[in-house]
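Heads up, the thing below is written out as structure tokens.
What's counted below: heavy atoms across the whole structure, side chains too, no hydrogens, waters or symmetry copies.
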Amino acid sequence: DLAGALQCFQRAVQDDPDDGLYWLNLSVCEHKTGAQGDALEHARRAFALDRTCEPAAFHLGELLRLQLQMDELLAVLDQLEQTGERAARWHLLRGLALMHSHQWQHASESLLAAMAGSADDRDTRIKATQQLGHCFLSMREHAEAGICYRMLVDMGPLSIGSALYAAHSS
């Protein structure tokens with residue numbers, strides 16, 4: 001019950017306003033119920049409370065991407081404190097933001113990194129491959145775009161769009 005979860009997390013943030021996980025879960029519930037302004041505000045708070053929390057950074061990043069706030073999205077990704085390698089989703093979000101600002105070369109590098117790091121994350125691999133194909137088309141690299149779209153077709157029956165892009169790019 002989404003309404004019940006929303007009420008539960010609203011109480012939780014009142015009881016413990018310094019727990020970023022409560023703010024993150026509240027934001028997710030608000031996003032699912034259509035309260036986008038509150039979801040964005042509370043996602044910002046969740047990330048501010050814990051700059052090492054990848055789920056908070058990625059959720060905030062997705063909300064910012066949907067609002068076309070790409071500069072803030074890039075800033076959030078840069079502020080995410082990590083000790084190891086960047087996650088595939090980090091590279092995907094960065095690539096999407098860079099594509100939006102027509103920084104095709106940098107976007108393609110981020111999307112390639114997302115593909116390389118997404119062995120266990122099929123959704124991220126599919127999104128990164130599709131967006132890399134679009135990025136290559138924008139750079140007029142039709143052969144490379146065709147390879148991306150053929151890879152999507154090989155990953156499974158996603159959509160007729162992948163097959164059409166593959167045929168068009170060849």
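- Of the inter-residue distances, the one linking K127 atom NZ with R89 atom CZ reads 7.0 Å to the nearest 0.5 angstrom.
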> For Q82 and E54, what are the C-alpha separation, side-chain angles and deciding distance, and is it a side chain to side chain donor-acceptor pair (under 3.5 Å)?
Replying inline: CA-CA 9 Å; Q82 287 186 282; E54 280 187 351; 2.2 Å; yes

> Going through the checks in order, is the side-chain contact (heavy atoms from CB on, under 4.5 Å) test met by E144 and M139?
Replying inline: CA-CA 10 Å; E144 289 82 357; M139 293 189 303; over 6 Å; no

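- Residue pairs meeting the side-chain hydrogen bond (donor to acceptor under 3.5 Å, both in side chains) criterion with at least one member in residues 9-25, sequence neighbours excluded, do not occur.
- The shortest non-hydrogen separation linking S27 to A43 is OG-CB, 3.4 Å.
- Distance CD/Q79 to OG1/T52: 13.0 Å, rounded to 0.5 Å.
- L40 and L26 fall into different hydrophobic clusters, where Ile, Leu, Val, Met, Phe, Trp and Tyr are joined by side-chain heavy atoms under 4.5 Å apart, directly or via other members.
- A side chain to side chain contact (heavy atoms under 4.5 Å, CB included) with R44 is found for exactly one of L49, L64, L63, namely L64.
- Placement of L93 and L68 within a single hydrophobic cluster is found when ILVMFWY residues are connected by side-chain heavy-atom separations under 4.5 Å, directly or transitively.
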> Between M115 and M151, does a side-chain contact (heavy atoms from CB on, under 4.5 Å) hold up when you go through it step by step?
Replying inline: CA-CA 11 Å; M115 288 174 60; M151 287 172 61; 3.5 Å; yes

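- H31 is listed as a side-chain neighbour of H59, based on a closest heavy-atom distance under 4.5 Å.
- L96 and L77 are assigned to two separate hydrophobic clusters, defined by single-linkage of ILVMFWY side chains at heavy-atom distances under 4.5 Å.
- The hydrophobic clustering, which links ILVMFWY residues whose side-chain heavy atoms are closer than 4.5 Å, places M70 and L60 together.
- Note: R122 CZ to I126 CD1 = 3.5 Å, rounded to the nearest 0.5 Å.
- For residues 110-120, no pair satisfies side-chain hydrogen bond (donor to acceptor under 3.5 Å, both in side chains), with sequence neighbours left out.
- Taking 4.0 Å as the cut-off between side-chain N and carboxylate O, R65 and E62 count as a salt-bridged pair.
- Looking at heavy atoms from C-beta onward, R45 lies out of side-chain contact with E41 at the 4.5 angstrom threshold.
- Checking side-chain atoms of R125 against main-chain N and O of A88 turns up no donor-acceptor pair under 3.5 Å.
- L112 and W90 are not part of a single hydrophobic cluster, where members link through side-chain heavy atoms under 4.5 Å apart.
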> Which is it for H134 and F136 under the side-chain contact (heavy atoms from CB on, under 4.5 Å) test, yes or no, and what are the steps along the way?
Replying inline: CA-CA 5 Å; H134 296 336; F136 281 141; over 6 Å; no

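- Closest approach of C148 and T129 over heavy atoms only: O-CG2, 3.4 Å.
- Ion pair R94/D78 flagged as a salt bridge, since at least one NZ, NE, NH1 or NH2 atom sits closer than 4.0 Å to an Asp/Glu carboxylate oxygen.
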>> Between L24 and V28, does the side-chain contact (heavy atoms from CB on, under 4.5 Å) criterion hold? Intermediate values first, please.
In response: CA-CA 6 Å; L24 173 60; V28 169; 4.3 Å; yes

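- The CH2 atom of W104 lies 10.0 Å from the CG atom of L137; values are rounded to the nearest 0.5 Å.
- The nearest pair of heavy atoms linking C29 to L6 is CB-CD1, 3.8 Å.
- L73 has its side chain out of reach of H100: every pair of non-hydrogen atoms, C-beta onward, lies at least 4.5 Å apart.
- Note that NE2 of H142 and OH of Y149 are 10.5 Å apart. Values are rounded to the nearest 0.5 Å.
- Across all non-hydrogen atoms, the minimal contact from M99 to A107 is CG-CB, 3.5 Å.
- Panel note: side chain E30, backbone Q36; no donor-acceptor pair is recorded below 3.5 Å.
- Between the CG atom of D50 and the CG atom of L80 there is a distance of 9.0 Å, given to the nearest 0.5 Å.
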